[in-house]
Chemist: 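I have a structure I would like to understand better, so I am pasting it below and will then ask my questions one at a time.
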Number of protein chains: 2
Amino acid sequence: MKKSNTRIANKLKTPAVAVDALIFSVIKGKLKVLLIKIIGGPYKNKWALPGGLVGLKESLEDAASRVLSEKAGVNEIYLEQLATFGELNRDVRERSVSVAYFALVSSESFFPKTTEYYADIAWHDVGRLPEMAFDHKKIIEYGRERLINKLAYSNVAYALLPKKFVLTELQNIYEAVLGKKLDKRNFRKKVQEIKLVKETGETRQIGASRPAKLYVFSERRPRIIDIL
Amino acid sequence: MKKSNTRIANKLKTPAVAVDALIFSVIKGKLKVLLIKIIGGPYKNKWALPGGLVGLKESLEDAASRVLSEKAGVNEIYLEQLATFGELNRDVRERSVSVAYFALVSSESFFPKTTEYYADIAWHDVGRLPEMAFDHKKIIEYGRERLINKLAYSNVAYALLPKKFVLTELQNIYEAVLGKKLDKRNFRKKVQEIKLVKETGETRQIGASRPAKLYVFSERRPRIIDIL
DNA sequence: CCAAAAGTGTTTCCAATACACCCATGC
DNA sequence: GCATGGGTGTATTGGAAACACTTTTGG
């Protein structure tokens with residue numbers, strides 16, 4: 001709220017507004033986050049979340065989508081706001097607040113490419129983060145907790161998988177995020193019981209073993225339902 | 001994130017940053033929110049959440065505490081960030097983003113007073129909101145959902161009650177927020193079982209009925225635990 | 001016939017729910 | 001003695017968790 005008009009006339013200075021994108025994926029059974037390596041300035045060679053300032057003519061969510069697309073080459077993914085970080089010393093260069101967004105992608109859906117803006121871009125294991133710029137380590141930790149919670153009471157796992165998948169892959173997503181093994185029978189019973197997924201009729205075979213049934217999510221949009 | 005230094009040199013303009021305070025309390029069995037009535041400008045005589053711009057030398061949380069104290073006379077209460085709202089048209093006067101904070105107070109702990117800055121200040125029933133400025137109706141609805149969830153998996157109810165209280169009052173808090181009746185025996189069994197509260201040994205009597213035991217919360221700081 | 005991953009049911013246990021009467025007090 | 005709110009226990013049910021073997025395929 002900014003209530004009296006004098007406030008506006010005064011043009012009281014407020015912090016700069018940025019968005020940061022926390023892009024999660026599960027790759028080879030590990031929870032990963034996409035990071036870029038900063039080229040210059042006081043944070044040179046430090047890793048950071050892809051981000052950018054918010055323009056006057058774009059909403060926060062639009063800014064987050066833009067950053068995702070421009071800086072990481074990611075489109076059409078699950079995106080939601082995580083939280084806003086605004087400690088005084090979070091950026092040594094200028095006072096800023098950052099609205100962190102939380103994104104989920106299927107590892108099959110894209111491969112990061114380095115751009116001219118960054119020294120590097122890569123998936124990092126959330127359990128073993130490199131030295132990071134700003135307060136980004138804190139943001140990632142916060143996001144991870146959110147992800148753990150969301151898996152338990154929503155169907156967002158769909159965003160971490162390709163359209164068609166086998167139940168073992170779905171279970172691997174859960175195990176990677178939660179960091180613990182789940183019982184195969186109970187897991188399968190549950191996801192079918194609550195109609196989280198449905199059979200496609202197709203199967204897929206990898207190597208010399210019994211072909212697995214391919215499933216799709218019953219609904220590929222956020223939905224609240226108890227899973228764990 | 002704002003990565004390359006040229007960004008900073010350019011001083012790219014970003015939206016103004018404000019904080020809004022969503023102050024909830026349960027009064028006479030109803031969930032209420034504290035609103036102020038705007039004195040002038042395009043939103044004259046509309047109701048809104050207490051709020052204000054964020055200074056360059058204060059963190060977001062400090063700004064929220066300041067607003068709470070200056071604009072609503074509230075101190076020492078439960079405060080957490082809710083979400084940040086940044087649609088293009090949320091404020092007709094200038095482009096702004098608002099970081100909404102979520103506060104809980106005991107209705108005994110303070111009584112709102114009108115200040116020179118506002119035409120009025122009052123508790124409003126969350127179920128019957130007046131016409132409101134900005135996107136504040138949306139913020140309140142969002143906050144209410146957060147509150148419902150938090151009551152279910154945390155002990156934040158302590159912030160809605162005075163230090164000592166009787167179990168019926170605690171149950172009333174839950175019923176007012178959830179909007180449904182709970183079973184008295186099951187409710188009491190549960191809150192004692194999980195050690196949410198403990199007896200003080202004192203009692204309190206109102207009118208001509210059996211005196212009720214006074215309880216306190218085992219812990220008056222946020223704690224995660226399953227209640228419902 | 002062996003290796004590799006897929007698939008499948010039953011039992012046990014605990015927590016959530018439903019439910020109705022007696023108690024202490026003031027007037 | 002009656003009106004008012006305070007306080008208490010048990011039986012039932014449903015979901016969570018534990019648990020091991022058979023199936024299908026390729027080589």
Side-chain angles (χ1 to χ4, degrees), chain A residues 26 28-29 148-149 151-155 157 161-162 164-176 178-216 224-228, chain B residues 26 28-29 148-149 151-155 157 161-162 164-176 178-216 224-228:
Chain A
V26 174
K28 301 216 169 98
I148 290 172
N149 290 329
L151 275 199
Y153 69 81
S154 81
N155 66 340
L161 284 169
K164 295 176 187 178
F165 54 89
V166 302
L167 291 186
T168 302
E169 289 172 325
L170 178 59
Q171 186 172 344
N172 286 341
I173 296 285
Y174 274 84
E175 291 179 342
L178 303 180
K180 65 179 180 196
K181 291 285 171 203
L182 300 175
D183 179 88
K184 184 160 62 152
R185 280 171 291 188
N186 291 337
F187 183 81
R188 285 163 181 247
K189 199 189 312 164
K190 193 66 187 279
V191 297
Q192 310 221 36
E193 207 166 83
I194 65 174
K195 297 194 170 55
L196 184 67
V197 298
K198 59 184 189 210
E199 296 191 11
T200 59
E202 303 167 64
T203 60
R204 189 181 67 191
Q205 194 182 346
I206 294 175
S209 79
R210 176 173 176 174
K213 291 184 190 168
L214 280 167
Y215 288 79
V216 292
I224 290 181
I225 196 76
D226 251 33
I227 296 173
L228 303 181
Chain B
V26 173
K28 300 214 169 102
I148 290 172
N149 290 329
L151 276 199
Y153 68 80
S154 82
N155 66 339
L161 285 169
K164 296 177 186 177
F165 53 90
V166 302
L167 291 186
T168 303
E169 290 172 325
L170 179 58
Q171 186 172 344
N172 287 341
I173 296 284
Y174 275 82
E175 291 180 340
L178 302 179
K180 66 179 180 195
K181 291 283 170 206
L182 300 175
D183 180 90
K184 184 161 61 155
R185 278 171 293 189
N186 292 337
F187 182 81
R188 284 162 181 249
K189 199 190 310 165
K190 193 64 188 280
V191 297
Q192 309 221 36
E193 205 167 86
I194 65 174
K195 300 195 169 56
L196 182 67
V197 297
K198 59 184 190 211
E199 297 189 11
T200 58
E202 303 167 64
T203 60
R204 189 181 66 192
Q205 194 182 347
I206 295 176
S209 79
R210 176 174 174 176
K213 291 185 190 169
L214 279 166
Y215 288 79
V216 293
I224 291 183
I225 196 75
D226 252 33
I227 297 173
L228 302 181

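Note that the coordinates shown come from a computational prediction; the quantities given were computed from them, not determined experimentally. Atom set for the values below is all heavy atoms of this structure, side chains included, hydrogens, waters and symmetry mates excluded.
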Chemist: Take the protein atom NZ of A:Lys180 and the nucleotide atom C1' of D:dA17, then report the distance between them rounded to whole Å.
Modeler: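 Atom-to-atom, A:Lys180 to D:dA17, this comes out as 12 Å.
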Chemist: For the OH atom of A:Tyr153 and the CG atom of A:Asp226, what is their distance to the nearest 0.5 Å?
Modeler: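 Reported value, rounded in 0.5 Å steps: 11.0 Å.
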Chemist: Looking at A:Lys213, I'd like to know whether one of its side-chain N or O atoms comes within less than 4.0 Å of OP1 or OP2 on C:dT8.
Modeler: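 A:Lys213 to C:dT8 OP1/OP2: side-chain N or O found under 4.0 Å.
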Chemist: If you take any heavy atom closer than 4.0 Å to DNA chain D, which residues from residues 165-174 of chain A end up in contact?
Modeler: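 The stretch gives none, as no residue of it lies under 4.0 Å from the strand.
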Chemist: Specify the residues of residues 184-201 of chain A, ordered by number, for which at least one heavy atom lies under 4.0 angstrom from an atom of DNA chain D.
Modeler: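 Of all residues in residues 184-201 of chain A, the ones placing a heavy atom under 4.0 Å from DNA chain D are A:Arg185, A:Asn186, A:Lys189, A:Lys190.
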Chemist: Take the protein atom CZ of A:Arg210 and the nucleotide atom P of D:dT24, then report the distance between them rounded to whole Å.
Modeler: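 It is 6 Å, rounded to the nearest whole Å.
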Chemist: I'd like to know if B:Glu169 pairs up with B:Arg204 as an ion pair, taking the criterion as any Lys NZ or Arg NE/NH1/NH2 lying under 4.0 Å from an Asp or Glu carboxylate oxygen.
Modeler: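 Yes, B:Glu169 and B:Arg204 are salt-bridged.
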Chemist: For the backbone of A:Glu175 and the side chain of A:Lys180, can you confirm whether one donor and one acceptor N or O come within less than 3.5 Å of each other?
Modeler: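 No; zero donor-acceptor contacts below 3.5 Å.
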Chemist: With DNA chain C as reference, determine whether A:Asp183 or A:Ser209 sits nearer its 5' end, using the nearest nucleotide of each.
Modeler: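 Result of the comparison: A:Ser209.
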Chemist: Atom CD of A:Gln205 to atom P of C:dA3: distance rounded to whole Å?
Modeler: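 To the nearest whole Å, that distance equals 18 Å.
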Chemist: Please state how far atom CG in B:Leu214 lies from atom P in D:dG6, giving the value in whole angstrom units.
Modeler: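 Whole-Å distance recorded here is 11 Å.
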Chemist: Whole Å only: how far is the CD1 atom of A:Ile225 from the C1' atom of D:dG15?
Modeler: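 It is 14 Å, rounded to the nearest whole Å.
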Chemist: Evaluate the side-chain proximity of A:Val216 to A:Lys198: yes if any heavy-atom separation is below 4.5 Å, no if none is.
Modeler: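 SC-SC contact between A:Lys198 and A:Val216 confirmed.
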Chemist: A:Arg204 CZ to C:dG7 P: how many Å, rounded?
Modeler: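 The answer, rounded to whole Å, is 11 Å.
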Chemist: Send over the distance from A:Glu202 CD to C:dA6 C1', rounded to a whole Å.
Modeler: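 Roughly 17 Å, once rounded to whole Å.
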Chemist: What distance do B:Arg188 atom CZ and B:Asp183 atom CG have between them, rounded to the nearest 0.5 Å?
Modeler: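 Atom-to-atom, B:Arg188:CZ and B:Asp183:CG are 10.5 Å apart.
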Chemist: Identify whether the distance between the nearest side-chain nitrogen and carboxylate oxygen of A:Lys164 and A:Glu202 falls below 4.0 Å.
Modeler: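 Salt bridge present between A:Lys164 and A:Glu202.
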Chemist: Verify side-chain contact (heavy atoms from CB on, under 4.5 Å) between A:Tyr174 and A:Leu228, making sure each step is shown before the conclusion.
Modeler: CA-CA 10 Å; A:Tyr174 274 84; A:Leu228 303 181; 4.2 Å; yes
Chemist: How close or far is atom P of D:dA16 from atom CG of A:Leu228, stated in whole angstroms?
Modeler: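 Taking atom P of D:dA16 as the reference, CG of A:Leu228 is at 10 Å.
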Chemist: Quick check for you: to the nearest 0.5 Å, what is the distance between B:Leu167 atom CG and B:Tyr215 atom OH?
Modeler: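 Between atom CG of B:Leu167 and atom OH of B:Tyr215 there are 4.5 Å.
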Chemist: Any side-chain heavy-atom pair from B:Phe165 and B:Ile173 closer than 4.5 angstrom?
Modeler: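 Counting from C-beta outward, B:Phe165 and B:Ile173 never come under 4.5 Å.
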